[in-house]
Each structure stands twice: as C-alpha cells, then as structure tokens.
Amino acid sequence: MIRGALRRIGARGIGVQIAAFVVLAVVITNALVFGAGLALGLALGPPLDFDGTVEDLFAYGGRIATVATLVATAPDAARPAVAARAVAEVPGVFAAAADDAQQVVPLSPERARSFEARVIPRLLAARLDGRGLTWWLQPPTQADSRYPGVVVDFSDGLRLRFEHAGADLPRPPHRFGVIAFGVIATIVTIALLLGWTSRAISAPLERLAASVAGGGLDGPPLPQEGTAEVRRLAAALEAMRAAQRAMLAGRTEMLAAVGHDLRTPLTRMRLRAEAIGDPALRADFAGEITRMADLTDKALAFLRGDVFDEPFTRIDAASLIASLVDDLMDARGMAADAGPQVDLELPPRLVVRCRPEILARGVGNLIENALKFAAHRVVVRLAVAGEAVVIAIDDDGPGIAPEAREALLKPFARADAARGDRRGGFGLGLAIARRAAEQHGGRLVLGRASLGGLGCRMELPIVEAAADARAGISP
Amino acid sequence: MSESLAIRRPEPPHVLVVEDDPGIRGLVEAFLGDQGFRVSAVADGRAMDAALVRGGVDIIVLDVMLPGESGIAICRRLRRSGGPPILLLTARGEHADRIDGLQSGADDYLVKPFHPGELAARINAVLRRWSVPPESDPRAVAAEIAAYRFERWTVDLARRQLLDGEGVRVTLTSGEFDLLAAFCRSAGRILTRDTLLETTRRRVAGPFDRSVDIMVSRLRRKLGNDAAGEDLITTVRNVGYLFTAAVTSVPADAPAVTS
C-alpha cells in the first residue's frame, strides 16, 4: 500500500515528489524531537498543563523554608519575637492560633493533584525535615491563587501560616502555543521550500518540455536554464534536434535529387512520345508522364514541408482561393466544360495572416481531390466563424466512410476502393492539407458534405481583423 | 541584336539548345528542327559561349541544372552583357525556383517534362515579343523596372506579387499577373486580344480568345474600380482592351518596393 502511494506520488512530478519527501522528513524529525523533549520534560519538569512559572513557585517554597528555619533555629526565648518580626516584615507570613479549626482544612482533590501541591512538599521536606517541625498544606485564603497555603507548627504552640504574596510573575507563553508556533513555522517553511523547488527544478523542466513539444524541429533554441541536469538534458535534446534536422534535410535533398533525376528520363519519354502515330495513345502517354511528374512533385513538396519555414504574411484569402481554383480550371484547358463545375462562395475580401505557399498547397490539394472525385459539382466556401477562418470544400462524389477518415489523413494512406480511385497517387493530398492546417495552428476535419460526397473543413485561427486595426502598417 | 534579328527575319529563327543530357538534347534538336527552326545544341555554358561567338543565335533554350556554371548564373551573365532572349527549362515546379529563373532575367520558363508543342509555341512567343521596335524592347523594360504603381496597387515584378494599399497580398494566377504586367507596360494604349494572348503563359490550352476574356474579367473583379468608380480595364469592342489607370514605374535601383 505504501509502495503504491509512493509510486502515485512519484508519478505526479518532481515538485510533488520533493514536497512529499520534505513533509515526511519534517514530520518525522519533529515527531522525534518533540517526542524526546516531551518525555524528558514530563519526567523532569512541570506537566504540560502547568501554566505558572517555576521561578515563582521556588521563590514561594524557598521563602517558607527560610522563614521557618530562622524561627525554628532561634533561641527559645527569642522565638516569639523572631516569629512576630517575620509576620511584620515578610509578606505572606501570618500568625496562626494553634487551635484554629480553619487551619486543618484539607486540600480539594483537584488542588492536591496540581504541580504546586506536589512540588512544595518536596521543597519543604528537603529543607525542614529533622528540625522538629510539622507542616502541612491547606487551601489559600484567596481562593483564586494557584499556590496552596502552608501551615508550619513549631511544636511549642507557635504556628505560622504562609500564603503566596503578591501577583504572579508574568506567565511564559503557553506551551501549546509554542508547539502551534512550531507547526505553523514548519508549514510556512515547507511552503517556501515548495515554491523554491518548483521554481528552481520543475519550472525549467516544464518550460523545456513545452518548447520541445511546441517548437518541433524548427522551433526556437531550447531554454538552457535550471539545474545542471536540466541544462544537460536541454543540450542533449538540442543536439538530437540538430541531428534530426540534418537527417531530414539530407533525406529531402536526396529525394529532391532523385526527383530531379527522374525528370530527365521523363522529359526524354515525353519527347519520344511525339513519335507515336496514334493521337489517342500519344495523349495517354503524355498524360501518364505528366502524372508521374506530379507525383514526384507532391512527394517532394510533402517532405520539404518538414524543413520549409515560410514566414507569415498578410494576404487576401479570397483571392488566394479564387486563384487556386482558376489555376486548376485553366490547367484543364479544352476539357474545362467536361469536368465537374466549381462553385465559389467567397467574401469579396478577407485579410488573413498566414504562410501563403503552405496554405495554398494545402487548400489546392483539397480542391484537386474534390475535382478528382466529384460527379458533377464542387463547392468551395470561405467564411469567418468566430476567431477562425473556415475553408470548406464539398463534393458530390462517393465520399469516405466515417471509420476510414482518420486513417486517410496520414501520409501515403489511400482510399482507392472506397472512392473508386483508379488513377492512383501517393495519398499525400489530405496529409499535406492537414499539415498545412496544423502549421497555422488550426485543424482539418473530414465529414459528409451536404452535396453527398466528402466535406473537408479547414479551421484556421488566422483572422487579421484585430491586428489589422491595431497595427495599421503600410508597406 | 535587334538589327541582326530584323535582317534575318525571312529566315527561320536560330535556336541554341543548352542541355547536358544527350538524350533530351538530341530529341529537342530533332523536334525543333521538324518545327522549322534552325537548331544547334551544346552541352554546357562553355560550348554555349563558343556558339554565341559564332553569332546568329536568335534564342537560347537553357537547362537550369547544368554541370559547371548553372543555368541561372548563365542567365544573369547574359542579361548583363545583353545576349539573345532566354527560355529556361527548370526541373522543379517549385514556386521559388520559377521566380529565381524569372528574376535572373529569363524571358520565359518551362517545367520539365514539357509538352514539345508548348516549347515551340513559347519560343515563337518570345521571338515575337522581341521583334517589336527597340524603344519598347521588353528586355530593356524588364531590366529597369522593378514595380508599377497605380491607384492603391503595387505590382512587384521581381516577386510577381500584387499588393494593395495596406500591403496585403492579393493573389493572381500566373496568367492574370502576366496580363496585368502587360496592361501596366502599355497603359493608355489599346491592346488586342492576340497581343494579350502572347503575353500570358496559357497559350497552349484552351480556346484562346475566350481565355483572355475570362482572365480580364477575373482581373477586373480582383482590382475593383478606380477612385472615380470607373472600371480600370475598358473593353474596346472587337479590338481588345484599354488599361485606363495612371501607372508609375518604380526603377529597379529604387529602395525596396515592399516591406
């Protein structure tokens, strides 16, 4: 059970873990010290509930013993005079008649148990025993005094009554108060320690984790702060990141070279295709060659996206989308009337702050996809919904089954069977679009279009309106 | 150069192909020969320089990825010394590479693998643009002007961008941009559909004159009206279009066009 609790605490984070150990250590130490102190104090000193001062008690006891000794040791003839002198000069000393019934009243059980009632007899016994005296305690004449009165009988008919004279000495703070102060001080110390721990140890780690998670490979340099271990970790991660970046760049470079090298035979093939006599066959050949070039382009674009860090720019999103569609329609050329029709629902102008190349590539891929699978119609919409810009592309094609959608967002996933794609491809279109959305802090959602086919929805937090009004930057 | 071009006018134009891959080089040479061009082909920049010294070259078809001096570097060098027009063959469709090519002073580019018919069409289009009188020589214009301004718009020729008064980029298709650049170059003059067609890069696909009309209407939509509420592009019935804006040119050595 304890092991389970430790594991749970261990899983909580360094701050919690250190706090738990500090609390535990403080509690154990305090328990030991207090326990030992308490045991010693109870054995040797006044009990916990004693709230008077020991000095006062001893002064009172000492006074009784001294006066009683002086009277007892005086010569018999002088004794009454010494006693009378003590009654007159020493406060709290009174003459008592030997037959006074009041002088043999026993203490109440409560008072008899008190520390004072237990200590005074011990003091008196040490000093007075053997001097031929008898003495006993009795209730004080002032009922609210904590000290019992003492009557001393000098056996020749002389009796003196002692009372505690004057006010008590100022009381020291109650010992419960001392303990409470100790506990509060401990708690405050632990709280300060925790604050320091989380600042000095966990905060740099948290920041490091956040920048590793948030920055990706191209993020700003990792913070080199905190304890030596955390700094070493940051340096190691930085080195790993650099190595990965280099590997990625190397891979992209290699693929770019492959892509370029492929262009040469493709170009030759395209030129050779001119020698084919049958026009239909020649067109087919040319089409396949173009498609192969497009595929290598697309794969390259996807890989390059990992290392390409395009700056944010203010652009008009409406014209961007219109141009994308127009470019695709232009490329269709003569066949423009044969393919699906594209309806644009755009505001006249919508200024956004985005990475235009990345966004254009992402949205372009979605539109291309829609054109490829649509039966008759594609609708492209651009609108602002709250804080986000929404780009929606709907087609009336076969769509994608809900359970297959998530898988299709992954690179190199394809839904040939589901969407009846016989033309092939690397299945990068949706992955490129999704990454474009993510590179703008947004997301890509696939659903069912009102037209019946696939509905793609890009939600991007890139509205410029506020910044626009604030900055008013002109070129 | 333009004088020699004028003299050679009746003869078929002489195309110099610079391409390191022997297969492509041979095929392009054969194809252009079939199309009625006079063709010579070399493998690299050094051989190209030798061919240029011999003279009589009307246009260079230049591969970007060459061993030794790259196509882009050759392009810049020839631009400075005022050689013949250049059509670049790029291996990558990446936007940045195309802009690189056009910024280095190429007159046009084609992405591999290309439609051979399109290569021939673009060679002809570049040659036609170069045969216009020297005072509006497009190379001279391209070399000196970095941008045009009209109304609230800036047309950045180097980056091929259209920016509005607030510095917001309004995206044009590449055909629309070519069209707008042509309008700015010839503001206040009527441009025929055929002229416009040649300046755009969409010469091969589509029913031609219609595609120009479509592009003009898109351009109108994106530019909106002028300060007085009038259309910036006026249709001249049965002839073509007239760009009515007052255009100022920003020379290349002026401070940065855009922030």
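Order of the sequence lines fixes the chain letters, A, B, ..., with proteins taken first and strands second; residue numbering starts at 1 for each chain.
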Subject >> Side chain, backbone, both or neither of A:Thr313 within contact of chain B (heavy atoms, under 4.5 Å) >> reply: side chain
Original post:
Is the CZ atom of B:Arg46 crowded by more than 12 outside heavy atoms at less than 6.0 Å?
Top reply: no
Original post:
Under a 4.0 Å N-O cut-off, is there an ion pair linking B:Glu166 with A:Arg349?
Top reply: yes
Original post:
Considering residues, nucleotides and ligands other than B:Arg25, do more than 12 of their heavy atoms fall under 6.0 Å from its CZ?
Top reply: yes
Subject >> Heavy-atom pair with the smallest gap, counting every atom of A:Glu274 and B:Pro116 >> reply: CG-CG, 3.3 Å
Original post:
For A:Pro356, is it the side chain, the backbone, both, or neither that has a heavy atom closer than 4.5 Å to a heavy atom of chain B?
Top reply: side chain
Original post:
What closest approach, in Å, do A:Ser323 and B:Thr171 show between heavy atoms, and which atom pair accounts for it?
Top reply: OG-O, 2.9 Å
Original post:
For B:Lys112, does its backbone N or O pair with a side-chain atom of A:Arg270 as donor and acceptor, under 3.5 Å?
Top reply: no
**OP:** For B:Pro113 and A:Arg263, work out which heavy atoms get closest and say how close.
**Re:** CD-NH1, 3.4 Å
Original post:
A:Asp326, A:Leu271, A:Leu320, A:Ile315: which one forms the most heavy-atom pairs within less than 4.5 Å of chain B?
Top reply: A:Asp326
**OP:** Flag yes if more than 12 heavy atoms outside A:Glu345 fall under 6.0 Å of its CD atom; otherwise flag no.
**Re:** yes
Subject >> SG on A:Cys354 to CZ on B:Arg169, rounded to 0.5 Å >> reply: 8.0 Å
Original post:
If every non-hydrogen atom of B:Val168 is compared with every non-hydrogen atom of A:Asp316, which pair is closest and at what distance?
Top reply: CG1-N, 3.4 Å
**OP:** Against chain A, label B:Ile24 side chain, backbone, both or neither, depending on which of its atoms sit under 4.5 Å from a heavy atom there.
**Re:** both
Original post:
Atom CZ in A:Arg272, atom CG in B:Leu27: separation rounded to 0.5 Å?
Top reply: 4.5 Å
